[in-house]
Structure formats: C-alpha cells, structure tokens
Amino acid sequence: MSNGPEKQDWRTRLVSWVDGDREPKDQSLFVMEQRHRRRFLPTEEEHERREKTRLHRFFNWYPVAAVFIALTLVTVLLGTVLQMPLFGQESNPINNEVAEHYLEHGEEDTGSSNAVTAMILSYRGFDTLGESCVLFLAVTSVMMLLLKDGEDEDGKLARRSAREADQEEHGDIILKRTAWVLTPFIFLFAIYVLLNGETSPGGGFSGGTILGAGLILFSSAFGQRNVRVIMDRKTYSFIRTFGLMLYALLYGAYIFFGANGLPNYLAGMALLIDLAVGLVVACTIYGFYALFSTGEI
Amino acid sequence: MLETILQDRFAVTAVILFGIGFMNLMLQQDLLKKVVGFNIMDSAVFLLLASLGYIEGHTAPIVEEGAVNASLYINPIPSGLVLTGIVVSVSITAFSLALIQRIYRRYGTIQLRELLEKAKKEED
Amino acid sequence: MIVLEYILLISVVVCAVAAPLCKRPLVMVIVYMAFSLMMAVLWSLLQSPDLAMTEAAVGAGITSILFFLTLKKIHALKGTKDE
Amino acid sequence: MRPLVENFPFFCIFLAIVAGILSATLCHGRVAYGLTLASNAVIAVLSAYTLGYVCTTGESFVYTMGRFTAPFGNAIRCGPLQAMMALVFTLVMATSLIGGQRDLFHDVARSRQPFYFTMVDLLEASLLALVYTDDVFTGYVFIEISTIAACALVMAKDTGPNLIATVRYLFMSLLGSGLFLIGLTILNSITGYLLMPPLAQAVAALWESGSYLVPLTVSVGLIVAGLGIKSAMFPFHMWLPDAHGGATTTSSAILSGLVLKGYIMLMMTMMVRVFSMDLMEELGVTDVMLAFGLLGMIFGSLGALREYHIKRMLAYSSVAQIGYIFMGLGVGSTEGVVASCFHVLVHACCKPLLFLCAGRLSAVSGHHRSLKNLRGSAYRDLVAGLGFTVGALSMIGIPLLGGFVSKLYFANASLLTNKTAVVLLTIALSTVLNALYYIPALLGIWVKPAPEETAIVVADATAEELAFDRSFTAAALVLMAAIFVLGIFYHPITDVIELGVRHF
C-alpha cells in the first residue's frame with residue numbers, strides 16, 4: 001500500500017538533516033552545531049574555546065571602535081559648538097518671546113516671582129511630574145534590589161548587617177556632638193528653602209534634597225533605630241506615596257481645569273505642589289541612604 | 001578662531017568634559033568608574049545647556065516687584081531643564097550603584113571582562 | 001570674575017580627567033566630589049542659584065555618600081579602618 | 001469647554017501613573033496584578049473611544065496641559081495614528097501580562113511582585129506619553145522613565161547573568177539618552193523652542209535662511225543616533241540579546257514588543273512633525289538610516305542563525321525587524337513611514353506571541369532553553385506550538401499573515417524612490433535568512449524525537465507546569481487572531497495609518 005518504509009526513510013532523512021546529524025551532499029549554508037545525535041551538548045572544551053575566542057575578539061576591537069567613535073563625536077561637537085550662537089549675547093535665538101513671557105507674566109500667571117520655579121511648577125509642570133515619577137521609580141527599583149526582608153540567601157548577610165547596626169550605635173563623639181548642634185539648623189534651612197520656593201531661589205528640589213541630607217546626618221549620627229522612631233517602614237512608604245499622589249492629583253486637576261477653560265480654582269496650589277515635590281525628593285534621598293547602608297528603611 | 005573659543009569657553013569645556021565622560025563610560029572595565037564617567041558626561045551636557053541661557057550682565061531670574069522688564073534677567077528655561085536633569089542623573093546613579101552592589105554580592109568582582117566570562121560559563 | 005571662571009573651568013577639566021584614572025576608588029570618589037563642588041560654583045557664576053544649591057546638595061552630598069556606601073559594601077576601602 | 005473625549009489621552013497617562021503609584025503600596029502581587037490589568041482595560045477603552053472620535057473628525061487635536069497656549073505651556077497632540085498606537089500598545093501589554101502570568105509569579109520573588117507591577121504601570125505611562133507628546137523635553141523625561149522601568153523589568157528575575165545584562169543595558173541606553181539630550185540642547189539653542197509646532201516653524205525658517213546649518217545637521221544626527229541606540233539600531237544592538245534573552249517571559253515580551261517601539265514612535269514624530277521628511281532627505285540622515293536598517297536586517301538574522309538558545313534567537317530576530325522599520329524610515333517617503341508604522345503594529349503583535357510561546361514551550365520541557373531540548377515540545381502544549389508557528393511564519397512573511405503585508409508595503413514604498421533595487425534585494429535576502437533560522441526551529445518543536453529523549457527532558461518539568469495554562473492559551477489566541485486580522489483585513493488599519501501620517 002503506501003510505501004511506508006520509503007516514506008519513513010524520507011521523513012527521517014529530512015529530520016536528521018534538519019538536526020544537522022548528516023550533512024547533505026552539498027555543504028549547506030548553515031549547519032546546526034550539534035554533531036552527533038547521542039550527545040546533547042556540544043563538547044565542553046570546544047564550546048568553551050568558541051566562547052573564549054568570541055569574547056576575546058569582542059574585547060579586541062571594542063576599545064579601538066570606542067575610542068574612534070568618541071574622538072569623532074568630540075571633534076564633531078567641537079565644530080558645532082563653535083558655530084553655535086555665541087555665549088552670553090542678548091540676541092541669541094534662545095532668548096525669544098517665550099523667555100520674555102515667563103519673566104514678565106510669570107508673576108501674575110503663577111503667583112511666584114522666581115521665574116525658574118514658575119516655569120518648573122506651572123508652565124512646564126508635566127516635566128516635573130515625570131521627574132518625580134523618575135525619583136519614585138528609582139527608589140522602588142533600589143528597594144527591589146537591596147531590600148533585605150526578602151528571603152535572605154545566607155545567614156552571613158544577616159550577621160554582617162547586625163554587626164554593622166551595633167557598630168553604628170556608638171558613632172564617634174565628634175559626629176554626635178556636631179550632629180546634635182547642626183541638625184536643627186539644617187532642618188530649619190530646608191523647610192525655609194522648601195516653603196520660599198516662589199520668592200527666593202530654591203523650591204521643591206533643593207529644599208527636598210537638603211531635608212534628605214539632614215535626615216541622613218541625623219541617622220548616621222544617632223543610629224537608624226532613633227530615626228525609625230519617627231520614620232519607620234510604614235510611615236516612610238506612606239509619606240512617599242502620599243507626596244507623589246498629592247502632586248499627581250493636584251496637577252491633574254490643574255491641567256483639567258486649565259485645558260477646559262474652567263476658571264482657575266487652584267490659584268495658591270504652587271506652594272502645595274512645592275511641598276509635595278519636597279516630600280518626594282526628601283523621602284527618595286533618605287531611602288537611598290537607608291537602603292544602601294543597612295538594607296531596610 | 002581663538003577669540004570664539006575664548007568667548008565660548010563654557011561650551012568648549014562642556015564638550016571636552018563630554019568627551020572624557022563618554023570615553024570613560026565606553027572604555028573603563030571597572031563598573032564604578034563607568035558610573036563616574038556617566039556622571040561626568042551628564043554634568044557636561046547640563047553645563048552646555050545652562051551656559052546657553054546665560055546673558056552677559058544679567059542677574060538671577062528672581063523678578064522684583066514693580067516695573068518688570070525682561071532685559072534685567074537671564075533666560076530661566078535652561079536652568080529649569082537642568083534642575084530636572086540633575087535629579088534624573090542622581091536617581092540613575094543610585095540605581096546603577098545598587099546594581100553594582102548586587103553584582104558584587106553575586107560574583108565577587110566588578111570588572112566587566114571577568115563578569116562576562118563568569119556569566120557565559122554559568123549560562124550554558 | 002573672568003579669571004575665576006578660567007581657573008574653575010580648567011580645574012573642572014583636570015578633575016574630570018583625574019577622577020577615573022586614580023587607582024584607589026576612595027581617591028576617585030573624593031576627586032569626583034571636588035568636581036561636582038566646582039560645578040556648583042560654576043552654576044552660581046552663571047547666575048542660576050537654584051542649580052548651584054541643588055548641585056551642591058546633590059552632587060557633592062548625596063552622590064558621594066552613595067559612592068562611599070557602595071565602596072564600603074564592595075570592600076574596596078583599602079587602607080581604612082574598615083579594611 | 002472642549003469635548004470631554006479630548007481629555008481622554010491625558011486621563012490615560014494619569015491613570016497609568018496613579019495605578020503605578022498605588023501598586024507600590026500594595027503588599028500582595030496578585031492584587032497589584034489585578035490593579036494593573038484593570039487600569040490597562042480602562043486605558044484601552046478610553047483609547048478606543050479616542051480613536052473612534054479622531055477617525056470621525058478626521059484630524060488631530062492639541063490638548064494644552066494647563067492654561068497656557070502653544071509656545072508657553074506644555075501640550076500633547078493626538079491624531080489617528082497616535083490613538084491607534086496607544087490602543088495597540090495597551091492591548092498587547094495586557095495580553096503579555098495575562099500570557100506570561102504563570103512564569104511571572106514563578107520567577108519574581110514574592111516581596112518584589114508589587115514593585116514589578118509598579119514598573120509595568122509606569123512603563124505603560126511612559127509609552128503613552130512618548131506616543132502622545134508634543135513637547136521634546138517631555139519626551140526626554142519619559143524616555144528616562146522608560147529606561148529605568150525597562151531595566152527594572154530585565155532584572156526582576158534575579159539570576160546572575162540578568163544583573164550583568166541589566167548593567168550593560170542601562171549603560172548603553174544612558175549613552176543613548178545622553179546623545180539625545182545633547183541633540184536637544186543644540187536644537188534648543190539655535191531655535192529657542194521646545195514645543196514641536198513652533199520648533200518646526202523655526203527649523204523651516206533656519207533651513208530657508210541657511211544659517212546655523214552645521215548645528216542643525218549635527219543635532220538631527222545626534223537625536224537620530226541617540227534614539228537609534230535606545231531602540232537597538234544595527235551597530236548599537238549588542239545589549240539586546242542578553243537583556244531580552246534572560247528576562248522572564250512577560251518582561252521580554254513587553255521589552256521587545258513595546259519598549260523599543262516607544263522610542264521609534266518618538267523618532268517618527270520628530271522626523272515627520274519637526275524636521276520634515278525632505279529636510280531629513282537633504283541632510284542625508286535618511287540614507288544613513290537606510291544603510292543601518294539594511295545592515296541590521298542582514299546581521300540581525302545572521303546573529304539569530306548562530307544562536308541555539310531560543311530566546312536569544314528571538315532577540316536577534318527583533319534586531320532584524322527593527323532594521324526593517326529603520327529601512328522604512330530611511331526610504332524617506334510618506335509611504336515608507338506608513339510601511340514602518342504598519343510594521344511596528346505587526347511586530348508589536350508578533351514578537352510577544354513568539355516570546356510567550358517560547359516561554360511556555362521551555363516551561364513544559366523543564367525550563368531548558370536550547371533548541372535541542374525543545375524537540376517535540378509542541379505536542380506537550382499544542383497552543384504554544386501553534387502560536388510559535390503562526391508567529392514564525394508571520395515573521396518570515398507568509399501571505400495571509402501580518403508579516404507579508406508589511407513586506408508588501410515596504411516593497412511598494414521603495415518602488416517610488418530611486419533605492420528600489422537595494423531595498424528589494426535586501427528584503428528578499430532577509431526573508432531567506434529568516435526562513436533559515438525559523439524553519440529548523442519549527443521543525444524542531446514539531447518533529448517528535450525518540451521517546452527516551454522526551455522522557456529525560458520531561459523529567460525536569462513539574463506536573464504543575466505541564467498542566468493546562470488557561471490564561472496563556474487565551475493570550476496566545478488573541479495575539480494569533482491579531483496577526484491574522486493584520487494579515488487579511490489590513491485595509492481599515494492602513495487607511496487609519498495613512499490618515500494619521502497625513503495629519504501627523
């Protein structure tokens with residue numbers, strides 16, 4: 001009836017050709033590298049050698065290509081920079097009506113006399129929201145990497161961090177004394193910078209960073225445990241999420257009212273947004289320090 | 001030629017810094033030095049961006065009360081963009097340093113060449 | 001004022017070249033701190049105080065602290081108490 | 001008071017951001033998973049409604065973010081193309097999440113799962129923002145968001161090689177965004193604007209007056225190079241196989257199907273809206289992109305030929321498909337852009353299907369990934385085998401499937417320009433190369449090996465993995481249907497794309 005064995009032979013020949021067991025008469029363009037049916041993996045040392053040569057070749061030509069690309073890029077950039085509008089001239093194309101508008105109408109549009117804060121929070125607030133999301137993401141990803149309450153692979157890690165914790169306890173006297181004196185002033189200055197974003201240079205980012213730096217000084221001088229009294233894991237993630245959520249919702253409402261031409265109910269919200277951004281930045285900075293030093297907030 | 005370089009001193013420095021940072025980012029085998037290279041490269045880009053907004057003889061963009069004429073202050077846009085950029089580069093640096101710590105905890109080295117060899121061996 | 005700008009610009013380039021080249025990672029981080037401090041002064045020279053404050057607090061402050069902590073975790077602090 | 005539907009793009013972006021923030025606070029992975037799927041569903045409905053509205057009115061609308069009109073404030077612009085891309089990206093993201101669910105909860109540690117879904121949500125927000133944005137610096141900020149989120153997705157599965165792949169991926173994409181930012185800076189210094197419409201007028205004025213031509217060319221080159229590095233254009237694709245090969249199934253599906261497309265959409269928007277196509281042609285940037293696209297098609301497929309690890313093979317084939325898209329953009333005519341947009345859709349449906357099926361096939365054969373151990377694995381999960389076959393044949397370009405239609409459009413796009421010969425030749429060569437590595441893979445999974453080999457391989461697979469995976473089957477069937485729809489009823493889709501490209 002159907003010539004079973006012959007068909008069978010044809011199919012197995014095709015399969016064995018596909019598996020590269022038997023080279024067809026003409027050496028086809030590509031050959032699966034698995035030579036013999038019995039051995040699953042290619043011979044160890046042959047594979048090792050091929051990987052070694054591939055890696056070696058990569059590390060040979062890569063530096064040369066990298067230096068070449070870098071040099072051409074720098075020369076091209078030098079050429080363009082010298083063709084660009086000269087430094088510090090009034091008539092540069094960048095100082096166009098947009099900049100004038102921000103300076104002249106910044107006061108009545110957004111209520112803040114610091115043109116940079118006006119631009120960051122009101123005119124181009126969407127970038128700053130994206131910016132706060134970047135900060136939020138960074139802390140989340142560092143938590144994914146370094147947070148220790150996950151399953152700890154080996155006890156060694158736990159013992160070493162325990163040793164670090166008590167080592168931190170009796171920080172040396174000089175640090176404790178200076179921190180004891182300095183911390184209140186740092187917090188005062190941070191809150192001042194944070195709240196006076198409109199009238200003086202500062203605002204959400206710088207205020208938040210200084211606040212975070214103050215927290216770090218306090219926690220490195222008096223030990224993480226004292227900080228955890230006011231800022232344990234729960235309150236930390238609450239403040240962080242509350243800050244960004246407040247900012248997102250406030251700014252969302254601001255956009256919705258603005259885009260649809262509704263009267264601007266949220267006149268004084270620039271201060272609130274500054275506070276929210278400051279909270280997010282401070283929590284991020286402190287979160288980085290806490291995760292890097294002891295692995296938990 | 002020299003006169004334009006002296007006039008554009010900030011931009012030329014920014015390009016030189018960019019070249020240094022770029023080369024370190026590409027060539028250094030040590031991951032930590034790559035991160036420093038990246039930071040230098042980013043600072044260079046922000047120096048270029050901020051130096052474009054500067055206007056000779058103008059002061060910081062804090063608008064006093066009364067008659068507001070724009071020709072007293074510098075251009076606020078670039079400094080706003082650079083403020084955003086600085087905070088972005090901090091968060092990315094923190095992320096890459098955390099990655100380097102995990103890699104060191106896993107492989108015991110941060111030299112890229114050794115890491116690649118160990119990863120290749122482990123993958124098969 | 002111009003002389004201060006030139007000095008700062010040249011020293012920024014020198015720091016940027018020196019930072020990745022020094023052998024000990026601790027020295028590298030300290031040179032990087034100097035680099036970002038000088039950048040902060042440059043920002044203030046460019047009449048943008050916001051940037052100066054943020055760069056000082058972030059560049060010299062936070063990034064360097066993170067570098068030191070990473071070095072501690074990578075046991076790269078040769079020659080210090082922590083060795 | 002503008003009609004409510006024009007707020008929908010802004011609602012979608014904000015919903016994705018808020019969902020991302022909320023899912024970071026949840027403690028259980030499953031709850032965050034549900035929240036992410038719900039937000040994706042709502043975003044899909046809103047995008048579909050916007051697509052209907054925009055197609056009926058026939059032109060795009062600009063939505064100012066806040067009270068300040070064009071050159072002062074920030075704005076997003078939604079046209080037929082953008083709405084369709086948002087809809088397809090959201091649907092593909094939801095299907096990838098559903099499809100790779102079992103692998104996801106197996107690979108990602110319990111304490112990390114809520115954070116994983118934060119990353120997925122904010123990646124969705126950045127994709128939408130990159131598609132809708134009308135402002136160049138907003139594009140840069142959301143590129144940074146998608147960089148961090150994509151790196152977090154790669155390293156979610158906590159194996160050693162993944163961490164190294166993540167570091168290399170992070171540094172390469174930082175290089176890309178550094179170049180993009182410098183291109184942006186130069187462009188801003190010679191034009192003064194950041195919003196795209198005034199920027200386009202300023203660039204056109206510069207081009208007429210011929211002043212600042214060198215900075216303009218260099219900034220265009222840097223922007224294209226920066227976005228090219230981030231979307232794995234040919235010479236800068238070294239990081240892609242390790243990053244996409246090692247990640248969990250859902251991550252590699254989302255990364256290769258969607259994240260690369262976000263950057264390509266931003267590049268397309270800037271090319272068509274800011275620097276018009278003929279400016280790009282005159283500056284010679286399109287020829288460079290054509291060259292890189294053609295080389296990418298060839299070397300991507302050659303790289304895939306060498307691989308025996310199935311996921312790395314698929315990653316290399318992604319490089320080849322990205323080469324197709326750059327070749328379409330390099331042809332320089334609007335038909336080329338239409339063909340590229342269509343191929344973005346085809347690849348966004350095809351590649352996640354291939355990664356999901358590859359993940360499922362390797363799951364049923366004891367998590368071995370090399371092709372030799374996957375022999376006959378299609379019989380253990382028929383839908384996975386079928387899905388892989390449909391995906392592979394569509395990649396090769398068999399008629400009735402999406403791949404064929406996009407190759408058709410690439411071919412007739414190149415007919416009108418003087419580069420016909422080289423483009424047609426490369427498409428043919430690349431199709432042959434695709435066949436040379438997909439056909440053996442297909443034969444590998446469909447030909448049943450000797451029983452004792454399957455016994456060895458199946459011994460490692462746990463019973464729970466061999467069990468029927470309902471969510472995977474649903475996702476695979478949806479994606480297969482999408483590929484068939486793209487292959488057969490492609491006319492309504494291409495009409496919307498042509499309308500979109502006209503009203504970019």
Side-chain angles (χ1 to χ4, degrees), chain A residues 41 47-48 51-52 55 58-59 63 66-67 69-71 73-74 77-78 81-82 84-90 92 94-95 98-100 102-104 106-107 113-116 118-120 124 127-128 130-131 134-135 137-139 141-142 145-146 157 199-201 205 209 281 284 288 291-292, chain B residues 1 4-5 7-12 14-16 18-20 22-23 26-27 48 51-58 60-65 68-81 83-84 86-88 90-92 94-95 97-99 101-102 105 113 116-117 120-121 124:
Chain A
L41 290 174
H47 185 74
E48 210 49 53
E51 283 315 314
K52 189 78 62 202
L55 215 57
F58 175 78
F59 276 106
V67 166
I69 292 175
L71 286 184
L73 193 60
V74 168
L77 280 177
L78 271 178
V81 159
L82 296 180
M84 268 160 57
L86 290 177
F87 168 74
Q89 277 178 341
E90 176 78 29
N92 281 354
I94 197 167
N95 312 321
V98 181
E100 258 106 39
Y102 286 168
L103 288 167
E104 274 148 14
E107 182 76 29
S113 64
N114 176 357
V116 173
M119 191 197 93
I120 280 183
R124 301 179 60 82
D127 302 348
T128 319
E131 181 40 48
V134 168
L135 285 167
L137 262 183
V139 178
S141 48
V142 170
L145 279 164
L146 297 179
L157 212 61
T199 50
S200 73
F205 290 116
T209 332
V281 173
T284 314
F288 285 151
L291 284 166
F292 270 59
Chain B
M1 180 56 180
T4 44
I5 289 183
Q7 172 74 5
D8 274 353
R9 51 196 178 284
F10 280 97
V12 169
V15 167
I16 294 170
F18 182 84
I20 296 167
F22 187 84
M23 228 179 266
M26 301 270 275
L27 291 181
L48 180 67
S51 74
L52 297 174
Y54 179 74
I55 303 173
E56 209 69 46
H58 289 216
I62 314 294
V63 179
E64 274 79 23
E65 302 313 316
V68 173
N69 70 47
S71 65
L72 283 177
Y73 309 107
I74 67 162
N75 188 340
I77 299 174
S79 46
L81 304 182
L83 200 60
T84 315
I86 288 177
V87 183
V88 163
V90 168
S91 40
I92 287 185
F95 179 46
L97 287 177
L99 267 171
Q101 272 189 28
R102 278 303 300 269
R105 200 186 291 176
R113 184 169 255 204
L116 283 178
E117 271 142 21
K120 268 286 178 278
K121 212 191 313 318
D124 305 340

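Every chain is numbered from 1, with letters handed out A, B, ... down the list of sequences. Keep in mind that what you see is a predicted model, and the values were worked out from it rather than measured. Scope of the values below: all heavy atoms of this structure, side chains included, with no hydrogens, waters or symmetry mates.
Within the 4.5 angstrom heavy-atom criterion, atoms from both the backbone and the side chain of B:Q7 approach chain A. In this structure, no portion of B:I16 lies under 4.5 Å from any heavy atom of chain A. Looking at A:L77, the atoms closer than 4.5 Å to chain B (heavy atoms on both sides) sit in the backbone and in the side chain alike. At a 4.5 Å heavy-atom cutoff, the contact between B:F10 and chain A is made by side-chain atoms alone. Using a 4.5 Å cut-off between heavy atoms, B:F95 contacts chain A through both its backbone and its side chain. Both the backbone and the side chain of A:L86 come within less than 4.5 Å of a heavy atom in chain B. With a threshold of 4.5 angstrom between heavy atoms, A:T199 approaches chain B through N, CA, C or O but not through any side-chain atom.
Considering only heavy-atom pairs separated by less than 4.5 Å from chain A, the leading option among B:I86, B:L48, B:N75 is B:N75. Taking chain B as the reference chain and counting heavy-atom pairs below 4.5 Å, the highest number among A:D127, A:L137, A:N114 is found for A:N114. Contact count versus chain A (heavy atoms, under 4.5 Å) is highest, among B:L27, B:I5, B:T4, for B:L27. Chosen from B:A94, B:G53, B:S79, B:G57, the residue pairing most often with chain A at heavy-atom distances under 4.5 Å is B:A94. Of the listed residues (B:M26, B:R9, B:M1), the greatest number of heavy-atom pairs within a distance under 4.5 Å of chain A belongs to B:M26. Each of A:N95, A:L71, A:L291 has some count of heavy-atom pairs under 4.5 Å with chain B, and the biggest count is that of A:N95. When each of B:I77, B:I92, B:L116 is scored by its heavy-atom pairs under 4.5 Å with chain A, the top score falls to B:I77.
Proximity of A:L82 to B:V12: side-chain heavy atoms (C-beta onward) are separated by under 4.5 Å at one or more points. B:L81 has its side chain within reach of A:R124: a pair of non-hydrogen atoms, C-beta onward, lies under 4.5 Å apart. At a threshold of 4.5 Å between non-hydrogen side-chain atoms, the residues A:L146 and B:R105 count as touching. Looking at heavy atoms from C-beta onward, B:I62 lies in side-chain contact with A:P201 at the 4.5 angstrom threshold. Between B:M23 and A:V74 the shortest side-chain heavy-atom distance does not fall below 4.5 Å.
Taking the six-membered ring for Trp and thresholds of 30 and 60 degrees, A:F288 and A:F292 have ring planes more than 60 degrees apart, a perpendicular arrangement.
For the side chain to side chain contact (heavy atoms under 4.5 Å, CB included) criterion with B:V87, the lone passing option out of A:L135, A:T284, A:T128, A:T209 is A:L135.
For B:D8 against A:M84, the heavy-atom pair with the smallest separation is OD2-O, 4.3 Å.
The backbone N or O of A:I94 sits nowhere less than 3.5 Å from a side-chain atom of A:N92 that would complete a donor-acceptor pair.
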